[in-house]
Number of protein chains: 2
Amino acid sequence: MVERSQGPRYRRIADDLRAKIDQKVYAADDQLPSEPELMEEYGVSRNTVRLALNLLANEGRIVSQPGRGTFVRTRTVLNFTLGVEGPGSEHDPEYRSEIEAQQRTPGWGPVTMRVLPATTGIADRLRIPIEDLVVLRQITRQVDGEPALIQRSYYPLDIALNTALTKQQEIEQGTIAYLAELGHQQIGYRDQLLARMPGPQETEELRLGQGVPVMELFRTANSAERSIRLTHTIFPADLFHLVYNVGDISPQDR
Amino acid sequence: MVERSQGPRYRRIADDLRAKIDQKVYAADDQLPSEPELMEEYGVSRNTVRLALNLLANEGRIVSQPGRGTFVRTRTVLNFTLGVEGPGSEHDPEYRSEIEAQQRTPGWGPVTMRVLPATTGIADRLRIPIEDLVVLRQITRQVDGEPALIQRSYYPLDIALNTALTKQQEIEQGTIAYLAELGHQQIGYRDQLLARMPGPQETEELRLGQGVPVMELFRTANSAERSIRLTHTIFPADLFHLVYNVGDISPQDR
DNA sequence: CAGTGGTCTAGACCACTGC
DNA sequence: CAGTGGTCTAGACCACTGA
């Protein structure tokens, strides 16, 4: 009600609503006043109300549902452990057990396989020439039936050719173990993490709300000789927190 | 010019402009047509043009500058190495050398120190009771003179009391070494990473553009007995990529 | 069927930029 | 001073939700 802050009208309204959300005047999942009510309350036009609501939506704090109303967004977060220190660094995040340990239901779509020329980003990370052919294996994983992450693994063609990696099926024993069987023993990896706003296609594939960034992980796995795999994972930031455990973490739970 | 996609008018305009940016019709730093020009080109009202531009701005793809125009956003990225595997896991990211190695100029503001009761998030991670007093040391670091990250370190009061940690100065030898001198030898840490859209205060402090998420790192450092420090770092996602090197990465360049 | 948010128009005045 | 984007108004019609 009281608008302490300064600046344009729509920004003050957004500040006021944000403060009320923080103070739990509107708690999680609560419905905000409707747009006509906010017009009345703040004495502004509908477009100005909508500018304010849009600001909060782009901060990921509210969601609007046509025909229903505008609601305070809730976030239920999953931890996903990406890295543990240890001899050999053989940790392969096991999606299924990670999710089940947190009382959620994991799921996954089919594996799709393609052969394509390496783009700059792929070639640089795999340390192969640009345009060299690579095998791409892609899978979409789910949590509680909803799409939750997109994973794309790239293999140099000579590694994947005439192996199960070119089949559109999951590798039973895990890809790290399978690569080791093929003579490519993983001895370490480099992870590069970034965050950005999604494009329209990712927004659709991952059912992302307005104001929800994605985190991207590029993991380059190496054998003693070369880079053997690049795994590119896209995480919706409202669903996942990523975890690395390094060194001795004995006194630490989970 | 051609609008292939479907959906509302402003979304098709955004799709068209996005495609032109991707195809380098408008390259990095290029100026987009002005709003009146876009009204003319697409035959829509100014508000519709602005809806389209706002969509792209919230994807972090364009920036508008009052009185000047609208421009394709460029991203110049820094790698910041957060973790390396190794005995003892004593890696402490050294801000200065990290930045200088990438031909940029590091800088930092003063250290500010406060004593405050632990909130839930702090207490849980430090494994101390809520409301227990902690020492907070905060510093803002810069790249090329611009604010680039905010770092807050929390120490249990009994660890920091009567030490240099309560002075508003940087610790010369680094905090890990200093804590070891105090008898708190770090043996490992747990990192939790997430991304979200910034609030208005962070947007101001870090001079963030519209559509730029932040990444948050919570690093809990442990001695053999207990958690000795929680470091909370906020990174603008348009400036930093975070890196972990695990295992033997000998064949890999940085 | 009343109420919700989604889309769109056609204006207006403003502060700021850069010539 | 002309051109830019920022803010704001007052309408309109639409599709959808849920009682």
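Below, each value reflects all heavy atoms present in this structure, side chains not excepted, and no hydrogens, waters or symmetry copies. Order of the sequence lines fixes the chain letters, A, B, ..., with proteins taken first and strands second; residue numbering starts at 1 for each chain.
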First of Gly67(A) and Val44(A) reached from the 5' end of DNA chain D, by closest nucleotide: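 Taking each residue's closest nucleotide, the earlier one in sequence belongs to Val44(A).
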
Please report, rounded to the nearest Å, how far the [atom2] atom of [N] is from the [atom1] atom of [X].
X: Gln65(B); N: dG5(D); atom1: CD; atom2: P; answer: 11 Å
X: Leu51(B); N: dG5(C); atom1: CG; atom2: P; answer: 17 Å
X: Leu55(B); N: dT7(C); atom1: CG; atom2: P; answer: 10 Å
X: Leu53(A); N: dG5(C); atom1: CG; atom2: P; answer: 8 Å
X: Met39(B); N: dT4(D); atom1: CE; atom2: C1'; answer: 13 Å
X: Tyr10(A); N: dC14(C); atom1: OH; atom2: P; answer: 18 Å
X: Glu40(A); N: dG3(C); atom1: CD; atom2: P; answer: 15 Å
X: Gln31(B); N: dG3(D); atom1: CD; atom2: C1'; answer: 10 Å

If you check every side-chain atom of [X], which of [options] has the closest atom?
X: Asn47(B); options: dT7(C), dT4(C), dT9(D); answer: dT9(D)
X: Thr70(A); options: dT7(D), dG6(D), dG5(C); answer: dG5(C)
X: Arg50(B); options: dG18(D), dG6(D), dT9(C); answer: dG6(D)
X: Glu35(B); options: dG6(D), dT9(D), dG5(C); answer: dG6(D)
X: Ser64(B); options: dG6(D), dT4(C), dC8(C); answer: dG6(D)
X: Ser34(B); options: dT4(D), dG5(C), dT9(D); answer: dT4(D)

Side-chain N,O (Arg68(B)) to OP1/OP2 (dG18(C)) below 4.0 Å: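 Yes, within the criterion.
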
Distance below 4.0 Å between Thr48(B) side-chain N/O and dT7(C) OP1 or OP2: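 No, Thr48(B) has no side-chain N/O under 4.0 Å of OP1/OP2 on dT7(C).
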
Do the ring planes of [X] and [Y] sit parallel (below 30°), tilted (30 to 60°) or perpendicular (above 60°)?
X: Tyr244(B); Y: Tyr244(A); result: parallel
X: His232(A); Y: Phe218(A); result: parallel
X: Phe80(B); Y: Phe235(B); result: tilted

Watson-Crick or G-U wobble mate for dG18(D), both contacts under 3.5 Å: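 Partner of dG18(D): dC1(C).
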
Side-chain donor/acceptor of Arg46(A) to base of dG6(C), under 3.5 Å: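 Such a pair exists between side chain and base.
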
Distance in Å, Leu32(A) CG paired with Leu56(A) CG, rounded so as to fall on 0.5 Å steps: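 So the gap between those two atoms works out to 8.0 Å.
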
Distance-only donor-acceptor check, side chains Tyr10(B) and Asn54(B), under 3.5 Å: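 There is no such pair (donor and acceptor under 3.5 Å, judged by atom type) between the side chains of Tyr10(B) and Asn54(B).
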
